[in-house]
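Notes follow the structure.
Quick note: residue numbers are just sequence positions, from 1.
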Amino acid sequence: MTPHHAVEITLTRPATRGELRYARCGVLLAANADRTRLMAVHGARSPSGALHALRRRLDALLPIDVLNTHYPNRHGQILLNVALGHTADRALRRDAAVVGQQPQDVLRQRVTAALTQEKQERARRLEDRLESLLAHHTPDEVLACVAVLLYGRQHHPACAAP
């Protein structure tokens with residue numbers, strides 16, 4: 001029996017109803033409200049095989065930006081399937097050849113570095129905001145306010161949406 005893999009599809013623009021209807025003829029898809037993200041469950045021997053098969057099947061039908069596995073693998077990684085433009089692909093291959101690595105390894109390193117940098121920047125922004133709050137409020141006041149906000153979001157999830 002072939003295992004099935006959950007795949008998230010991010011589109012470059014909202015899919016039209018016609019595009020979705022046509023794409024659903026070959027693949028079961030669930031769309032979010034604004035039709036910019038889709039979910040599919042696809043049978044394949046491996047998660048990367050599911051990404052590759054869906055890219056081949058849907059690329060001409062939908063404005064696909066990125067396909068990724070919905071669940072992390074046993075190493076905690078989400079797999080991506082990105083179709084690069086000719087210029088970007090050539091530059092990536094050139095850079096990989098310079099350092100003696102595979103293009104996918106160079107891309108993985110760059111994506112990981114960008115995500116790490118984004119995480120650090122978010123932490124720095126949060127720290128800056130907390131420092132600003134603590135300049136005008138006591139730690140007890142800030143902590144009490146956070147507790148009220150978090151408690152309210154747990155018990156009133158509709159209010160938690162940004």
Within-4.5 Å side-chain heavy-atom neighbours: Asn81 and Val66: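 Asn81 vs Val66: side chains apart.
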His70 side chain reached by His5 side chain, heavy atoms, under 4.5 Å: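 No, too far: nothing below the 4.5 Å cut-off.
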Remaining members of hydrophobic cluster (4.5 Å side-chain criterion), Ile9: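 Hydrophobic cluster check, Ile9: joined to Val7, Leu11, Leu20, Tyr22, Val27, Leu29, Leu38, Leu51, Leu54, Leu58, Leu61, Leu62, Ile64, Leu67, Leu79.
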Measuring from atom [atom1] of [X] to atom [atom2] of [Y], what distance do you get when rounded to the nearest 0.5 angstrom?
X: Leu28; Y: Met39; atom1: CG; atom2: CE; answer: 12.5 Å
X: Gln109; Y: Gln104; atom1: CD; atom2: CD; answer: 11.0 Å
X: Gln101; Y: Leu92; atom1: CD; atom2: CG; answer: 10.5 Å
X: Leu84; Y: His86; atom1: CG; atom2: NE2; answer: 12.0 Å

Taking only residues at least two apart or on different chains, which pairs with a member in [range] satisfy salt bridge (charged side-chain N to carboxylate O under 4.0 Å, His left out)?
range: residues 75-90; value: Asp89-Arg93
range: residues 15-36; value: Arg13-Glu19
range: residues 47-71; value: Arg55-Asp59
range: residues 104-115; value: Asp95-Arg110, Asp105-Arg108

Single hit among Asn68, Thr69, Ile78, Asn32 for side chain to side chain contact (heavy atoms under 4.5 Å, CB included) with Glu8: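 Among Asn68, Thr69, Ile78, Asn32, the one that satisfies the side chain to side chain contact (heavy atoms under 4.5 Å, CB included) with Glu8 is Asn68.
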N/O donor-acceptor pair under 3.5 Å between Thr12 side chain and Pro63 backbone: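 Looks like yes, one N/O pair under 3.5 Å.
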Enclosure of Leu126 CG (heavy-atom neighbours >12, cutoff 6.0 Å):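 Yes - once you tally the heavy atoms of other residues, nucleotides and ligands closer than 6.0 Å, there are more than 12.
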For Ser46, side chain to side chain donor-acceptor pair (under 3.5 Å) partners two or more places apart: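 For Ser46, the residues satisfying side chain to side chain donor-acceptor pair (under 3.5 Å) (neighbours in sequence not counted) are Ser48.
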Residues in side chain to side chain donor-acceptor pair (under 3.5 Å) contact with Asn73, at least two apart in sequence or another chain: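 In terms of side chain to side chain donor-acceptor pair (under 3.5 Å), with neighbours along the sequence ignored, Asn73 is linked to no residue.
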Going by the rule salt bridge (charged side-chain N to carboxylate O under 4.0 Å, His left out), which residues pair with [X] if we only count those two or more places apart in sequence or in a different chain?
X: Glu118; answer: Arg125
X: Arg94; answer: none
X: Glu141; answer: none
X: Arg124; answer: Asp128

Set of side chain to side chain contact (heavy atoms under 4.5 Å, CB included) partners for Ala144, sequence neighbours left out: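 For Ala144 there are no side chain to side chain contact (heavy atoms under 4.5 Å, CB included) partners, ignoring immediate neighbours.
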For the student: nearest non-hydrogen atoms of Ala44 and Gly49, plus distance: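 Closest approach of Ala44 to Gly49, heavy atoms only: CB-C, 3.8 Å.
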Distance-minimising heavy-atom pair for His42 and Ala53: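 Of all heavy-atom pairs spanning His42 and Ala53, the closest is NE2-CB, 3.6 Å.
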Joint hydrophobic cluster, Leu143 plus Leu150, side-chain heavy atoms closer than 4.5 Å: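 They do not share one cluster, since no chain of ILVMFWY contacts under 4.5 Å joins Leu143 to Leu150.
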Linked, directly or transitively: Val148 and Leu133 (ILVMFWY side chains, under 4.5 Å):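 No.
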